[in-house]
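In what follows, a structure is listed as structure tokens, so that the remarks can point back to it.
As the structure lists them, so they are numbered: ligands from 1, and atoms in each ligand from 1.
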Amino acid sequence: MPSCLDIISPYRDKPGGLIEAYHAIQRKYNYLPEEAVSEAAKVFGISEAQAYGVATFYSYLSVKKRGKYIIRMCESAPCHIAGADEVLKALEKELNIKVGETTADGRFTLELTECIGQCQATPVLSVNSEPVFDVTPQKVPEILARYK
Ligand code: FES
């Protein structure tokens with residue numbers, strides 16, 4: 001398994017390399033582990049505070065540990081009207097976490113998202129980047145079971 005340093009090093013001399021490196025790390029781990037931020041500081045010759053500053057500046061980067069599967073419930077109006085709130089409650093109950101949290105086994109993180117362009121089949125959620133259509137509270141256990 002490649003280390004954080006192996007993943008970061010190829011971006012050293014590229015324009016915007018730090019952000020690209022963080023993206024590559026996040027594709028692998030779903031978040032930026034502490035080790036990645038300190039390795040990035042060394043590779044790019046900046047202070048750890050600067051590397052951390054970049055890691056926390058962009059909303060699409062996360063330094064908070066996230067699960068293997070990131071479930072994002074769409075909260076935009078069409079999904080909201082179609083019952084996204086009830087689905088969200090079912091997800092929280094089934095996973096035993098609140099939005100923004102990760103299950104104790106590190107499997108799932110629950111987040112919210114804006115419209116993902118699939119309004120023909122509301123309510124919609126995504127698991128990592130895969131959309132799941134016409135979700136109901138009743139379907140939640142079966143959906144989660146696919147990712148065990
Ligand atoms: S509003 Fe939810 S996918 Fe468009």
Side-chain angles (χ1 to χ4, degrees), residues 1-4 6-11 14-41 43-44 49-148:
M1 184 156 139
S3 69
C4 287
D6 293 337
I7 298 172
I8 294 166
S9 294
Y11 296 96
K14 297 201 170 148
L18 178 56
I19 303 281
E20 293 291 313
Y22 279 163
H23 272 299
I25 291 281
Q26 206 164 262
R27 275 196 296 277
K28 176 117 194 91
Y29 297 102
N30 266 341
Y31 79 109
L32 300 172
E34 225 177 284
E35 183 204 337
V37 177
S38 51
E39 293 292 357
V43 168
F44 289 96
Q50 285 171 314
Y52 188 78
V54 173
T56 52
F57 182 78
Y58 298 98
S59 61
Y60 49 80
L61 296 172
S62 174
V63 291
K64 208 169 133 193
K65 192 169 179 2
R66 297 204 283 182
K68 184 173 174 198
Y69 300 109
I70 300 182
I71 301 172
R72 293 189 180 93
M73 185 74 228
C74 175
E75 62 169 349
S76 291
C79 280
H80 183 77
I81 290 163
D85 272 1
E86 282 66 39
V87 174
L88 188 61
K89 278 186 201 131
L91 285 164
E92 289 183 330
K93 186 163 174 248
E94 198 67 23
L95 295 168
N96 201 19
I97 55 172
K98 296 279 176 207
V99 171
E101 293 178 350
T102 297
T103 54
D105 63 3
R107 190 168 296 272
F108 294 108
T109 296
L110 184 57
E111 296 183 351
L112 297 173
T113 181
E114 297 297 316
C115 177
I116 57 170
Q118 303 289 345
C119 315
Q120 78 286 356
T122 57
V124 179
L125 59 76
S126 65
V127 182
N128 291 348
S129 292
E130 184 189 332
V132 183
F133 305 118
D134 298 310
V135 185
T136 63
Q138 293 73 25
K139 287 185 188 168
V140 163
E142 178 252 316
I143 293 166
L144 296 178
R146 294 181 210 160
Y147 301 95
K148 295 273 166 183

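Ring centroid separation for the pair Tyr60 and Tyr58 comes in under the 6.0 Å cut-off.
In terms of heavy atoms, Gln118 sits closest to Phe133 at OE1-CE2, 3.5 Å. Closest approach of Ala24 and Tyr11 over heavy atoms only: CB-OH, 3.5 Å.
Under a 4.0 Å criterion applied to the non-hydrogen atoms of Gln118, ligand 1 contributes the atoms 3 (S). Near Pro78, with a cut-off below 4.0 Å to any heavy atom, the atoms of ligand 1 are 1 (S). Close approach to Ser76 involves these atoms of ligand 1, each under 4.0 Å from a residue heavy atom: 1 (S). Atoms of ligand 1 found under 4.0 Å from any heavy atom of Cys119, numbered from 1 in the order shown, are 1 (S), 3 (S), 4 (Fe). Annotation for ligand 1: atoms under 4.0 Å from non-hydrogen atoms of Cys79 are 1 (S), 2 (Fe), 3 (S).
Contact annotation: the side chain of Ile71 never approaches that of Thr109 to less than 4.5 Å [non-hydrogen atoms, C-beta and beyond].
Phe108 and Tyr69 have tilted rings, their planes meeting at an angle from 30° to 60° on a 0 to 90° scale.
When distances to atom 4 (Fe) of ligand 1 are checked against a cut-off of 2.8 Å, Cys74 contributes no N, O or S atom below that limit. Under 2.8 Å from atom 4 (Fe) of ligand 1 lies an N/O/S atom of Cys115, whether from backbone or side chain.
Note that CG of Leu18 is 10.0 Å distant from NE2 of His23, once rounded to the nearest 0.5 Å.
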